[in-house]
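Lettering of chains follows the sequences in order, A, B, ..., and the numbering in each one begins at 1. Note: hydrogens, waters and symmetry copies are ignored here, and every other heavy atom, side chains too, is used.
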Amino acid sequence: MVDLTQLNPRQREAAKYVDGPLLVLAGAGSGKTSVITRKIAYLIDACGIKPHHIAAVTFTNKAAREMKERVAALTGKGGARGLTVSTFHNLGLNIIRQELATAGYKAGFSILDQDDCRGIIRDVMQREHGDDGDMVELVQNTISNLKNDLITPADAIHQAQSQQEMLIAQTYSIYQRMLKAYNAVDFDDLIMVPTLLFRDHPEVLVRWQKKIRYLLVDEYQDTNTSQYEMVKLLVGHRTGLTVVGDDDQSIYAWRGARPENLSLLKQDFPTLKIVKLEQNYRSTGLILNAANRVIDNNPHEFQKRLWSDMGYGDPIRILKCRNDEIEAERIASEIVERRLRYGAGYKDFAVLYRGNHQSRMMEMKLQAFQVPYKISGGQSFFGRNEIKDIMGYLRLLINPSDDAAFLRIINTPRREIGPTTIEKLSEYAMKRGTSMLSATTEMGLEQLLTPKAVDRLRRFGHWLAGITRNAYADDAIAAIKEMLEDIDYEGHLAQSSATPNQAERRMKNVWFLVDSIQKMIDKAEEVGDEVTIEDAVGKLILRDMLEQQENEDESDQVQLMTLHASKGLEYPHVYIVGMEEELMPHRNAIEADTIEEERRLMYVGITRAKRSLTLTYAGKRRQYGDVSDTTHSRFLDELPPDDIEWEGKTETTPEQQKQRGQETLAGLKNLFGDL
DNA sequence: TCTTGGTCCTTTTTT
DNA sequence: AGGACCAAGA
C-alpha cells in the first residue's frame with residue numbers, strides 16, 4: 001500500500017482527493033512530483049484503478065522519464081505496467097497512430113520539425129505569391145499560433161480581417177494540404193489533430209474516455225488552447241482530473257501557452273477543488289526570499305507565499321565582471337575552487353543563461369580549466385546537417401510520400417541530380433498526384449527528361465526500395481548500415497567537411513544516431529515490447545530517448561543550459577550569467593513588453609538553486625562581432641539588497657581585487673594545506 | 001556541377 | 001565572430 005505519511009498535510013490532501021477535479025497550485029520546489037507520483041500509486045493501490053486507465057501528461061521527456069521512474073519505485077516492479085506517462089506530443093502521436101484512418105493519415109507518417117516546415121512554407125509562398133522569403137518566419141509563427149488556438153485553415157480564411165491575414169490563411173490552407181500529401185504532420189498537429197478528432201468524432205472520443213479514466217497534467221500553466229481543449233474533451237463530465245501548475249513558472253507564452261488556463265479551470269469545472277503547496281523543500285531561506293521578492297513585481301491571479309525551513313544559508317552573490325570573457329573565466333575558476341572547498345561534485349554546479357549562444361564562451365573557459373561539462377538542449381544535435389540528412393533517409397524509408405525528406409537527400413551525397421531534373425520531377429509528380437519518390441520509377445519520365453537523368457532517378461528509386469525491403473524484412477539496423485555504406489556517407493562527409501577532424505566528428509554523430517535506434521530496439525526487447533523503425537524515428541524527432549542515454553552515464557559534469565531548459569531541475573550551486581539589460585531581460589522581450597514573462601524566467605532560474613546562487617554580469621560584452629557597454633539587469637535591483645553581496649557595483653580598486661585573490665588562496669591553503 | 005569567395009545577417013526561449 | 005546564402009568562375 002502506498003505510504004503517504006512522508007507527505008505534508010497539504011500534499012497528502014492533494015494526493016488523496018479523487019472525488020472531483022483538482023487543481024494543485026504548486027510553488028517551485030514544493031514537492032509536486034512527489035504528489036503526482038504518490039497520487040498515481042494511490043489511485044492504483046487504494047482506489048483500484050488499473051494502471052492502463054491512468055495517464056499522466058508532462059511537457060518534457062525528462063519530466064516524463066523521471067515521473068515514470070519514481071512511480072515504478074513506489075509501486076514496485078510491474079505494479080505500474082500499462083500506465084501512460086508521456087509528453088503531450090507523445091500522447092498525441094499515439095492517438096493519431098491508433099486512429100490513423102479517421103485522422104486521415106497512412107501508417108508511417110512523418111513528423112516534420114520546424115526547419116522542414118519552414119522550407120515547405122517558403123516554397124508555397126514563393127510559388128503562390130512570389131514572396132522573397134522575408135515573410136516566411138512570420139507566416140510560420142502565425143500558422144503555429146493558429147494551430148495552438150485550434151483554428152483550422154477554413155476557420156482562418158473565414159475569420160481573416162485584412163489582406164495579410166487572408167494571405168496567411170491561404171498559405172496555411174495550402175501548407176496543410178501539402179502536409180497531407182506528404183503523409184506528414186508538424187509538431188502542432190500532434191496536438192491539434194487528436195483534439196479535432198475528439199471534437200468531431202464522438203465514437204473516437206468515447207473510446208479514449210474509456211481508456212483514460214484518470215488524467216493528471218503537470219505544468220498546467222504551459223498548456224495552450226488546443227491542449228486544454230483536449231483535456232476538457234477527455235475528461236468530459238467525469239471527475240478524474242488532477243492538474244498541477246504554477247502561474248509564476250509560466251515561461252512558454254511565446255509558443256502559445258495560456259497561463260490563464262489555470263483560472264479558466266474554475267469556470268469549466270465548477271466543482272474544482274484547489275490545493276496550494278507553499279512549503280519549499282529545495283532552497284535556503286535567502287534564495288527563496290530573493291525569488292519571492294522578484295516575483296512580487298508581477299501581478300498575481302493566485303496569491304501564494306513560499307516558505308522554507310531550511311535555514312537562511314549563504315547570501316546571494318552578484319559579480320560584476322569586466323567583460324564576458326572574464327565572466328566565464330571567473331565562473332570556471334570558482335567552480336574548480338568551490339568543488340574542493342565544499343567537497344562537491346561537478347554535477348552539483350549549473351550554469352544558466354538566456355540564450356544558447358551564451359554557452360560558447362563558457363565552454364571555452366571550462367575547457368581551459370579542464371572542467372568536465374555537459375550542455376543540454378540547444379538544437380545542436382538535430383540541427384546538424386549530417387543528422388538531418390540521415391533523418392531524411394530514415395523518414396523516406398518509412399514514408400515514401402515524404403517529399404520534404406526526398407528533396408533534402410535526393411542529391412546528398414551528390415548523385416548528379418540537379419535543380420532542373422528535380423523541378424521537372426516535381427511537376428510530373430504533382431500532375432500524376434504521386435510522391436516524388438514513386439515518380440522516380442514511373443515510365444512517363446522519358447518524355448520530360450534526358451535519358452541520363454531518368455536513369456539516375458530510377459537507380460535511386462530502385463536502390464531505396466531495396467533498402468526499405470531489407471529494413472522491414474529483417475534487421476533494420478543492418479539495413480541502415482548498409483544504406484550508409486551504399487551512399488558512402490563517410491566519404492561524403494570527408495569531402496564536404498572543412499577538416500578531417502570535423503568529418504570524423506560528424507560521422508560520430510551519425511553513429512550516435514544509429515546507436516540510439518539500436519539501443520532503443522534492444523531496450524524494448526528486454527521488456528518484451530516490439531519497436532518498429534516508425535516508433536524509433538518518431539521518438540527521435542520528438543527528442544525522446546537521447547537524454548536518456550546521456551543520463552545513463554551518470555557522469556560528473558557541470559551542467560550548462562538555458563533558463564528555459566532548467567525548469568523542473570535543481571542544483572546545489574547555481575550560476576546565472578549575463579544578467580544585463582537587453583540580454584536578461586532580452587531585448588526582444590523589452591520591445592514586445594513581455595517583461596513579466598522574463599521575470600518569471602528569472603524566478604525559475606533563482607528557484608533552481610538549493611544552496612548557493614551567484615548572478616554575474618559583464619561590463620562589456622562582445623556581441624554581433626563588436627564590443628559594447630552594458631547595463632546591469634533591472635532584475636538585480638529587484639532583489640532584497642540586505643541579502644545580497646554585490647561585488648563590483650562600486651568600483652573595486654586593483655588592490656581590493658588582489659586582496660580578494662589572496663583571501664581565496666589563504667582559504668584554500670587553510671583547507672588543504674600548502675599544495 | 002562543384003568550388004570559392006564575398007556579403008549580409010544574426011542571437012530568445014522548445015515539443 | 002560565425003554561419004548561411006548567393007553570385008560568379010572552373
Quiz item: Name the one of Q221(A), E596(A), E219(A), R258(A) that satisfies side-chain contact (heavy atoms from CB on, under 4.5 Å) with S250(A)?
Solution: Q221(A)

Quiz item: At under 4.0 Å between heavy atoms, what does I111(A) touch on the DNA or RNA strands: base, sugar-phosphate, or nothing?
Solution: nothing

Quiz item: Nearest nucleotide by nearest heavy atom, which residue falls closer to the 5' end of DNA chain B, L542(A) or R360(A)?
Solution: R360(A)

Practice problem: Would you mind reading off the distance between E582(A) atom CD and dT10(B) atom P, rounded to a whole angstrom? | Solution: 15 Å

Quiz item: Can you say whether the rings of Y220(A) and Y228(A) are parallel (under 30°), tilted (30 to 60°) or perpendicular (over 60°)?
Solution: perpendicular

Practice problem: Check the distance between dA1(C)'s C1' and M364(A)'s CE and give it to me in whole angstrom. | Solution: 12 Å

Quiz item: R621(A) CZ to dT11(B) C1': how many Å, rounded?
Solution: 12 Å

Quiz item: With a 4.0 Å cut-off, would you call R360(A) and E363(A) a salt bridge?
Solution: no

Practice problem: Calculate the interatomic distance between L190(A) atom CG and dT14(B) atom P; express it in whole Å. | Solution: 18 Å

Self-check item: Salt-bridge contact R118(A)-D115(A) (side-chain N to carboxylate O under 4.0 Å)
Solution: yes

Self-check item: H89(A) side chain, from C-beta outward: closest of dA1(C), dT11(B), dT15(B)
Solution: dT15(B)

Practice problem: Write down the distance between CD1 (I595(A)) and C1' (dT13(B)), rounded to a whole number of angstrom. | Solution: 14 Å

Quiz item: When you match F88(A) and E416(A) each to their closest nucleotide on DNA chain B, which lands nearer the 5' end?
Solution: E416(A)

Quiz prompt | Pi stacking test for Y252(A) and dT13(B): under 5.5 Å apart, planes under 30° | solution = no

Practice problem: May I ask you to say what G625(A) touches in the nucleic acid, namely base, sugar-phosphate or nothing, with a heavy-atom cut-off under 4.0 Å? | Solution: base

Quiz item: Salt bridge check: are E416(A) and K452(A) linked by an N-O gap of less than 4.0 Å?
Solution: no

Quiz item: Within the structure, does a side-chain N or O atom of R255(A) lie under 4.0 Å from either OP1 or OP2 of dT15(B)?
Solution: no

Quiz item: Atom NE2 of H357(A) to atom C1' of dT11(B): distance rounded to whole Å?
Solution: 5 Å

Self-check item: Listed nucleotide nearest any side-chain atom of T562(A), set dT13(B), dT15(B), dC2(B)
Solution: dT13(B)

Quiz item: Hey, does the side chain of N356(A) come within less than 4.0 Å of dT13(B)'s phosphate (OP1/OP2), counting only N and O?
Solution: yes

Quiz item: Where does the angle between the aromatic ring planes of F88(A) and F59(A) fall among parallel (under 30°), tilted (30 to 60°) and perpendicular (over 60°)?
Solution: tilted

Quiz item: How long is the line joining CD of Q358(A) and P of dT10(B), in whole Å?
Solution: 18 Å

Quiz item: What is the distance from CZ of R587(A) to C1' of dT10(B), rounded to the nearest Å?
Solution: 10 Å

Exercise. Could you work out the separation of dC6(C) and dT11(B) based on their C1' atoms and round it to a whole Å?
Key: 23 Å

Quiz prompt | Donor-acceptor pair under 3.5 Å, Q114(A) side chain vs dT15(B) base | solution = yes

Practice problem: Check every atom of dT14(B), dC2(B), dT11(B) against the side chain of N411(A) and return the nucleotide holding the closest atom. | Solution: dC2(B)

Practice problem: Would you classify Y624(A) as touching base, sugar-phosphate or nothing, given that sugar-phosphate means primed atoms plus P, OP1 and OP2, and contacts are heavy atoms under 4.0 Å? | Solution: base

